[in-house]
Structures are given as C-alpha cells and as structure tokens.
2 protein chains.
Amino acid sequence: MEEYQDHSLGGRVFQKIREDILNGKYKENDELRENTIGKELGVSRTPVREALRQLELEGLVTIVPNRGAYVTGISHKDIWDIYVIRSMLEGLCARWAVEHITDEQLNELEETILLSEFQMKKESGFSAEQIAALDGRFHSILYEASGSRILGHLLTDFHNYVQTARKSSVVSEDRARKSIREHRQILRAIRDRDEEMAEQLANEHIMHVMQNLKKQGYEQE
Amino acid sequence: MEEYQDHSLGGRVFQKIREDILNGKYKENDELRENTIGKELGVSRTPVREALRQLELEGLVTIVPNRGAYVTGISHKDIWDIYVIRSMLEGLCARWAVEHITDEQLNELEETILLSEFQMKKESGFSAEQIAALDGRFHSILYEASGSRILGHLLTDFHNYVQTARKSSVVSEDRARKSIREHRQILRAIRDRDEEMAEQLANEHIMHVMQNLKKQGYEQE
DNA sequence: TTTTGTATAATTGTATACAATTATACAAAA
DNA sequence: TTTTGTATAATTGTATACAATTATACAAAA
C-alpha cells in the first residue's frame, strides 16, 4: 500500500497485526500488549506502538489510555455494511473511470480478464488464489482509473478489509466464472463510454458477490 | 474522536498537525521534520512520529522511508469528490437511520434543529460557528443512528476532513436557513419511517451544499 | 563551468531507560 | 466470607541514545 509500509519495521508490524486480527488469530476484546507482541515478532515496543496507533485509526483496535489496546473485531454485519457501501462506490468509480481511463489502463483491464479466463480453462483446475489476485488487480486498476485519489483510497482500504476477512476460500468455481463475465461487461461499458451502464454493472457486480456471501452465512445483521 | 486522542501527547499532536494541514499552515509538499515539530510543540520526537504515521494512513501525509514526511495536501477536487461520495452515503445513512433510530435520538435531532432556529432568530445576528457546530451535531447523531459502525466511522472522518478545510466561513445566512429547513424535512421523513424520502432528502441536502461550494470556486476539478 | 567523490551534518529508524499509571497479590479489618 | 488498604509488579507514556540512512558542502578532476 503506502510507500514506507514495506521498508520500516513499524509498517510490517502494522500489516502483520492487521492480518492477524482479520484472519481471527486475535479475537475480539483480546488485549494487545506492546511487549508481548514485540517479543513475538522480535522487535522492540516502538514499532508495535506505532502499529497499534494506526490500527486504532482503521477501527480495528481500541486504545484505552494508560491501560492498553484491545481488538475491536469485525463482525459479519460490518462486512455486510462494507459491501453495501462498496456497491455504491464501485458504481461511482466505474462511472468516473469512463471519463478518466487511459488506453493503457484499458489494456491492463483486458489483460487481467484474459489471464483470469486462462486460469479457468486450466485442466489441472484453477487456482483460487490466482483468481482472487486477478480480481484484486482488476478492481485496483479501476480505482486508479477513477481519477479520484479519495475514492481510490477508500475502495482500496475496503477491499483489503474484506478480502482478508472472508479469505480467498469463498471463490466458488461458478461464482468465479460469473465474476469474470461481469468484469468483461464492465470493461465493455467503459470502452463504449457508457457511464450509466458502467455504473449499473459495477453496482450489480458487488451485489452479486453479496448474494454469494449471504449463502455463506453473512446475514444482513 | 477516539478515546485516547485527548489524553495522550501523540493524540494531541496528531490533531494539531492535522488541523495545521487542513487550515493551510502546512502547505503541499512541505517537509514535516520530527525534531522541528517536536520542538515547536514542546514534545519529543516519539509522539510526533506516531502522529505522522497516523496522518499517512489518513492520506494527509506521505512518508518516504528514511527521508521524511511530506504534506500531501487536499485539493479542491478532493473536497469535491468527498462531497459526491458523502451525498450518496448520507442518503444511505438516513435510510438506515429510519430502521435503527431511537426515540432519544429523534429528540436530540429535534433539539439541534430548535437550537439552530433559535440562533437564526437572534437580533444580534447569528453565530456562524454555533450554526456549524449544530450542523455537525445533527449529522453525527444521524451517523450514530444509522446503526452502522462502518458507515458512521466513514462519514465522521469525511465530515472532519471537509469541515476544517473549508472553515466555517462558508455559512451564508441564506444557506444556513435553507440548511436548517432541510434538516427538518429529513427529520420528518425519518419520523414517518419513509426510507425512500429520507434517503432522497439527505442526498439532496449535501448536493445543495455542493451548489453553494461551487459558487465559492470549488470546481468539479 | 560541470561533474564526481568524499567527509560531515542532519535526519530518520529502532531500542531502551525512566516516569506515570494501572493491575495484582495479599494481608488486615469488618 | 467479603471488603478495603497497601505494597509490588506489570504496563503504558515519553524522552533519549545510538545506529543507519540520506542530505549537504566542498574540493578535485574533467
């Protein structure tokens, strides 16, 4: 994500703790002690502190002054809410992309779709992780193409949030195929400079993912 | 905002730097040196570092590893984009509030409107700051009432973002009166449990603010 | 003049020391 | 037994020390 995240200890600790919250290693209300985590990761308290402060800003951790940091956790309702919000914003993003997208970005979108289709045709079976990664790439190109720093930032955050939480396992073959087809339709609408259509398709695309989530027990609340 | 922000040095430094970026003291691409800021505020580097790392997460600061922190700045387009996004999400918020709002919250909304109307009737002229504060309160009650931690968090962030940036000065008397009237309409729709109407009105409410912004030179891009 | 190399200064990255605050253990009193 | 008080331990908050990295100044070479 951001520049320094990969280089500094603090950034890596941030990503690590975040992942461990989202994948369930740290559960709701767990106390996150600076020393304990530091020892676990082989670093001092300083980078851990930085990471915890950042995680609070993201809403994953609650800090009580002079007492400690606690996992806030992310409920099924939270994930559901994010999808509702995302469906609106992905629509807006596709609409804006119609205006701002470059030829190069169009080609990149095309490429991820082709690679996805290739994955699905493999005789040895498709790799869910690869499909998930390509899906991520497709969307982040669109975020970039929206020409909006704010919207891109927001959608990227959300994408990370839910992606790790629901893991890549949710990609059923049926859903994967439909998803790729929807990507292709979105791309076509953008190529045709059809704002209305692009927005609607991107909107529906996320709603379809939601229908799939519902089957897996993510209820409305 | 968050719990620890008021108590710890790091939290206060965070708020201070953020304010100074949004109100223009620190301009785009300004370098934010840990030592310099620390001396200015009479604290050591540690809390400043924490603050800068958090600000990067908010997108107000860019950190280049081993080199420094630079103000990212917030353009007119950014503010405009936030309003477009906000208009959608405030609509969603009002819709959800219809389902989740408590009687107490309804009363609080009523109260802020009454207080606003009282302000506008004052012979000595109304206080723009008071009106802005009441506007903020109205919206944050709604955010709370949406029953969505995620949506509330997001809208609160956005609200802070733009509020400080465009200062309270933009509140013209004409706009203030209309704004209060719109608040009243939104409240009525929520009371009537009319989701559709509540969403639409909240949506339009923000779009009206946008029209006002446009007059003040905030262009589409 | 322009470029390149190098010593020095400045700055960030991380660990650690110490103070302040909170949690815990346990004895004394009810 | 339950409650309260107090000493001690554990933890967070902040400052600072030191290492690593980058910026700057300036001389030497082209």
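Side chains are part of it too, since the values below use all heavy atoms of this structure and drop only hydrogens, waters and symmetry mates. Throughout, a chain's letter reflects where its sequence line sits, starting with A, and its residues are numbered from 1.
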**Prompt:** What is the distance from OH of B:Y70 to P of C:dT11, rounded to the nearest Å?
**Reply:** 11 Å

**Request:** Specify the residue among B:A69 and A:S44 whose closest nucleotide of DNA chain C lies further upstream toward the 5′ end.
**Result:** B:A69

**Item:** Side chain of A:N66 (C-beta onward), nearest among D:dG13, D:dT22, D:dT14
**Value:** D:dG13

**Asked** Taking CD from A:E56 and P from D:dT12, how many angstroms apart are they, rounded to a whole number?
**Response** 14 Å

**Prompt:** Under 3.5 Å, side chain of B:Q54 to main-chain N/O of A:R53, donor-acceptor pair present?
**Reply:** yes

**Message:** Rounded to whole Å, how long is the line connecting atom NZ of B:K39 with atom C1' of C:dT11?
**Reply:** 12 Å

**Complete:** To the nearest angstrom, the CG-P distance between A:L9 and C:dT14 comes to 4 Å

**Item:** 5' priority, DNA chain D, between A:T46 and A:R67 [closest heavy atom]
**Value:** A:R67

**Request:** Using a strict cut-off of less than 4.0 Å between a Lys/Arg side-chain nitrogen and an Asp/Glu carboxylate oxygen, indicate whether B:R33 and B:E40 qualify as a salt bridge.
**Result:** no

**Prompt:** Got A:V61 and A:Y70 here, is their nearest side-chain heavy-atom distance under 4.5 Å?
**Reply:** no

**Message:** Both A:G42 and B:E31 contact DNA chain C. Which one's nearest nucleotide lies toward the 5' end?
**Reply:** B:E31

**Complete:** Per atom distances to the A:R33 side chain, the nearest of D:dT11, D:dA15, D:dT21 is D:dT11

**Asked** Hey, which of B:E90, B:H159, B:E144 is the one that makes side chain to side chain donor-acceptor pair (under 3.5 Å) with B:H139?
**Response** B:E90

**Asked** If pairs are Watson-Crick or G-U with both distances under 3.5 Å, what is the dot-bracket string of DNA chain D, marking crossing pairs with [ ] and pairs to another strand with |?
**Response** ||||||||||||||||||||||||||||||

**Request:** Round to the nearest Å and state the distance from A:E50 atom CD to D:dT14 atom P.
**Result:** 14 Å

**Item:** hbond_proxy A:S8 side chain to C:dT14 base (donor-acceptor, 3.5 Å cutoff)
**Value:** no

**Message:** Expressed as a whole number of angstroms, how long is the span from A:R49:CZ to D:dT11:P?
**Reply:** 15 Å

**Request:** For B:Y26, check ring-ring contact (aromatic ring centres under 6.0 Å, His included) against everything at least two apart and list the hits.
**Result:** none

**Item:** base_contact_polar (C:dG13 base, B:R45 side chain, donor-acceptor, <3.5 Å)
**Value:** yes

**Request:** Only counting residues at least two apart or in another chain, list the ones meeting side chain to side chain contact (heavy atoms under 4.5 Å, CB included) with A:E182.
**Result:** A:R175, A:K178, A:Q185, A:H205, A:H208

**Request:** Compare side-chain N and O positions of A:R12 against OP1 and OP2 of C:dT14 and report whether any pair is under 4.0 Å apart.
**Result:** no

**Prompt:** Atom CG of B:L32 to atom P of C:dT11: distance rounded to whole Å?
**Reply:** 13 Å

**Request:** Return the minimal non-hydrogen interatomic distance between B:T72 and B:G59, and the atom names on each side.
**Result:** CB-O, 3.5 Å

**Prompt:** Once you round it to whole Å, what is the distance between C1' of D:dT14 and CG of B:L41?
**Reply:** 14 Å

